[in-house]
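One structure below.
These values consider heavy atoms only, across backbone and side chains, with no hydrogens, waters or symmetry-generated copies. Order of the sequence lines fixes the chain letters, A, B, ..., with proteins taken first and strands second; residue numbering starts at 1 for each chain.
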Number of protein chains: 2
Amino acid sequence: MSATTIRDIAVALGVTPSTVSRALSGNPYVKESTRAAILMKAREMGYERNVMASNLRKGTTNIVGIIVPRINREFFGNVISGAESVLSEAGYSVVICQTHERLEDEKSALKVLAGEQVAGIMISHSAETVSGEHILEAIGQNVKLVQFDRVIDGLPGSKVTNDDFKGAYTATKHLIDNGYKRIGALVGFMNTSLFRRRYEGYAAALADAGMPLDPGIVFENTILRKNGYESTIRAIDAGCDAIYSSGDFSALGALECALERGLRVPEDFGIVGTANETFTSLVSPRMSSVDQHPFEMGRSAAGAMVRLLGGETQGEEILIGTTLVTRQSSTR
Amino acid sequence: MSATTIRDIAVALGVTPSTVSRALSGNPYVKESTRAAILMKAREMGYERNVMASNLRKGTTNIVGIIVPRINREFFGNVISGAESVLSEAGYSVVICQTHERLEDEKSALKVLAGEQVAGIMISHSAETVSGEHILEAIGQNVKLVQFDRVIDGLPGSKVTNDDFKGAYTATKHLIDNGYKRIGALVGFMNTSLFRRRYEGYAAALADAGMPLDPGIVFENTILRKNGYESTIRAIDAGCDAIYSSGDFSALGALECALERGLRVPEDFGIVGTANETFTSLVSPRMSSVDQHPFEMGRSAAGAMVRLLGGETQGEEILIGTTLVTRQSSTR
DNA sequence: CCCGGCTCCACAAACGATTGCAGGTAAGAT
DNA sequence: ATCTTACCTGCAATCGTTTGTGGAGCCGGG
């Protein structure tokens with residue numbers, strides 16, 4: 001009736017539970033013949049290891065927690081997909097938490113995962129997160145940590161980030177190469193390293209082309225469609241003929257604004273976004289965007305986690321490349 | 001150093017672990033004063049219940065597994081979001097698995113969840129799933145089951161579905177009311193009850209309007225953008241002036257096809273999709289679509305799960321309403 | 001013939017929380 | 001004063017697995 005235990009197998013074969021346990025876990029101090037008998041009996045009786053008991057005894061689980069701002073975002077959804085594929089391959093289960101960009105939710109998610117005694121946590125911080133003390137506190141010293149996309153310094157474990165600098169640089173250079181003369185930037189939260197790096201890439205491309213960097217056409221905290229629309233009004237009034245955006249939704253707002261102002265895209269106004277969201281290839285004109293390879297990032301981050309858990313490393317830093325997908329909105 | 005246990009609290013207060021356990025779990029046979037003291041001490045010592053030990057003893061976990069075809073789909077992402085919000089509120093953790101629409105993956109996901117001793121499973125089946133035997137086998141008799149969106153008969157537990165019939169009926173009627181005379185249908189897999197119900201809604205709307213049901217302009221297995229495009233070629237050749245689609249991606253294909261054929265949308269050709277994907281409001285002309293309220297479905301399904309786990313019901317059937325979002329593609 | 005070394009297995013103690021049962025105390029009833 | 005009753009708490013077993021320690025059996029070398 002109730003599930004069979006190693007004790008059941010033990011009595012059935014006249015050995016002790018310890019021997020059964022060792023046989024099942026591949027301990028070398030078990031005679032091959034008895035191991036074979038145990039394995040056979042286990043299969044015959046339909047034995048399945050009780051994970052709870054095993055974990056309790058070993059003091060750790062094979063669960064990896066993933067914390068993201070929101071799962072219903074193209075980027076994070078794909079990261080999770082990628083991570084899940086390698087983690088489950090490696091025998092780990094995945095539990096997913098959302099922070100909704102709120103620090104409070106991030107704290108409670110960490111608490112929940114700590115309560116579940118997860119073996120490791122993969123996290124991309126909320127927009128409100130600036131320091132990592134709550135994380136240090138939550139993970140103690142046994143839980144492995146992998147930060148991805150949005151990372152914070154001063155924490156143990158591994159970091160996986162996009163090559164945001166290069167992505168922004170390439171996008172901006174692409175606009176320059178297409179003859180745009182005054183390129184504004186919609187950037188995110190400058191207290192987040194990710195957005196800072198993108199801003200720096202944008203600035204570097206301008207500098208390399210001998211173009212001036214005008215703070216008046218750099219718009220911070222602009223990641224939503226609405227923000228993008230509003231900032232672009234000011235950008236156009238300031239004489240811009242192109243926009244580099246560190247997000248696709250804000251780039252969409254920019255596109256709508258430009259069209260509404262009677263500008264032709266890409267003839268009069270160029271736009272490049274970031275993230276390569278599905279809709280970028282559906283709007284008209286189709287929008288250029290920096291693809292961040294989220295699935296690959298998920299796989300890499302999960303690989304880093306597996307290595308941490310296996311004790312192969314103490315921490316590594318991985319950079320995921322980006323690809324500029326050029327479409328109509330920036331090509332003339 | 002290591003996490004504090006109930007034993008630590010017990011010795012600190014000169015009581016036994018049993019009393020501490022009872023106090024913490026709300027057992028009434030504990031004097032209020034000692035309970036207060038224990039609660040205070042617990043907080044002071046930063047106690048957190050060891051979930052593994054608790055589960056081992058109680059023989060069950062507080063984990064709910066969610067199985068979906070893919071998490072990086074608008075609809076499922078939002079369902080999960082909704083479900084997670086009520087489950088975590090109710091003290092359950094969530095673990096998520098993807099089947100990638102494959103039966104094999106669905107089986108292995110079920111096995112994994114069973115191994116984790118989950119308390120309940122919420123599932124929306126893969127496209128390949130037709131019978132439910134593998135599920136019956138995996139869940140045994142202790143695991144509660146909630147099916148949502150795509151459901152199968154003959155399984156215990158609760159079912160949460162969209163009012164697909166009404167959604168399709170309303171969408172089709174909307175096209176009729178806008179004066180379209182020959183309305184084709186892009187439908188999905190007819191072995192899936194969900195798609196059958198949508199087809200029936202479409203057919204009923206035609207019947208109620210006294211319009212003929214022509215099998216020649218009903219296209220099965222059409223859910224991808226590409227399929228939608230191809231089927232619409234034939235629909236137009238067959239004289240259609242509108243398309244009801246049971247998916248947004250196929251509706252997108254229909255839109256592209258119509259425009260390419262030189263038809264004006266909505267003047268010459270009307271289109272209504274299903275799912276209200278983000279991109280429907282981004283394409284031009286903006287596309288009408290049946291909103292399925294995925295977030296609410298997730299909340300409802302999770303609520304049903306909580307009630308099952310609490311023993312309040314043995315199973316219920318819940319219908320989530322749909323809302324037709326009318327945009328340019330069907331309004332003239 | 002004895003002893004060191006090796007292989008393999010049994011014993012029993014954990015891991016931390018839960019819970020049936022028994023017992024002890026104090027209040028109220030007789 | 002004694003007994004019942006209600007209320008509270010302690011004792012100890014238990015969930016199923018893992019693992020340190022110890023020892024039985026066997027082989028070969030001295």
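Distance Gln117(A) CD to dT17(D) P: 19 Å, rounded to the nearest Å. If you measure from atom CG of Leu13(A) to atom C1' of dA10(C), you get 15 Å, rounded to the nearest angstrom. Atom CG in Asn55(A) sits roughly 13 Å away from atom P in dG16(C) (whole-Å rounding). The distance between atom CG of Leu56(B) and atom C1' of dT18(C), rounded to the nearest whole Å, is 10 Å. Atom-to-atom, OH of Tyr29(B) to C1' of dA22(C) comes out at 14 Å; the value is rounded to the nearest Å. At whole-Å resolution of the value, CD1 in Ile9(A) and C1' in dA10(C) are 17 Å apart. Between Ile6(B) atom CD1 and dC11(D) atom P the separation is 14 Å, expressed in whole Å. One atom, CG of Asp8(A), and another, P of dT17(D), lie 8 Å apart when rounded to the nearest Å.
Salt bridge annotation for Glu316(B)-Arg307(B): present, with a cationic side-chain nitrogen under 4.0 angstrom from a carboxylate oxygen.
With the nearest nucleotide of DNA chain D identified for both Ala53(B) and Ser33(B), Ser33(B) has the one nearer the 5' end. Residue Thr19(B) is the one, among Arg57(B) and Thr19(B), whose nearest nucleotide of DNA chain D lies closer to the 5' end (criterion: closest heavy atom).
Within 4.0 Å of Ser25(B), counting heavy atoms only, lies no atom of the nucleic acid at all. The residue Ser21(B) sits close to a base: some heavy atom pair falls under 4.0 Å. Backbone-only contact: Arg49(A) has heavy atoms under 4.0 Å from sugar-phosphate atoms and none from a base. If you check every strand for non-hydrogen atoms under 4.0 Å, Val20(A) touches nothing.
Within the structure, a side-chain polar atom (N or O) of Tyr47(A) is placed less than 4.0 Å from OP1 or OP2 of dT17(D). The side chain of Thr16(A) places no N or O atom within less than 4.0 Å of a non-bridging phosphate oxygen (OP1 or OP2) of dC11(C). Residue Ser18(B) has no polar side-chain atom (N or O) positioned under 4.0 Å from OP1 or OP2 of dG10(D).
The main-chain N or O of Asp149(B) is never found under 3.5 Å from a side-chain atom of Thr161(B) such that the two would form a donor-acceptor pair. Put simply, the side chain of Glu106(A) gets close to the backbone of Ser126(A): a donor and an acceptor are under 3.5 Å apart.
Counting heavy atoms of neighbouring residues, nucleotides and ligands inside a 6.0 Å radius, atom CE of Met45(A) exceeds 12 of them.
Distances were taken from every side-chain heavy atom of Lys31(A) (C-beta onward) to each of dT19(D), dG16(D), dC8(C); the shortest belongs to dC8(C). When each of dA10(C), dT19(C), dT9(D) is scored by its nearest atom to the side-chain atoms of Arg22(A), the top-ranked nucleotide is dA10(C).
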Enumerate, atom names and distances included, each donor-acceptor pair closer than 3.5 Å involving a side-chain atom of residues 30-37 of chain A, sequence neighbours excluded.
residue  : atom : partner  : partner atom : Å
Glu32(A) : OE2  : Arg35(A) : NE           : 3.2
Thr34(A) : OG1  : Lys31(A) : O            : 2.9
Arg35(A) : NH1  : Ala23(A) : O            : 2.9
Arg35(A) : NH2  : Asn27(A) : O            : 2.7

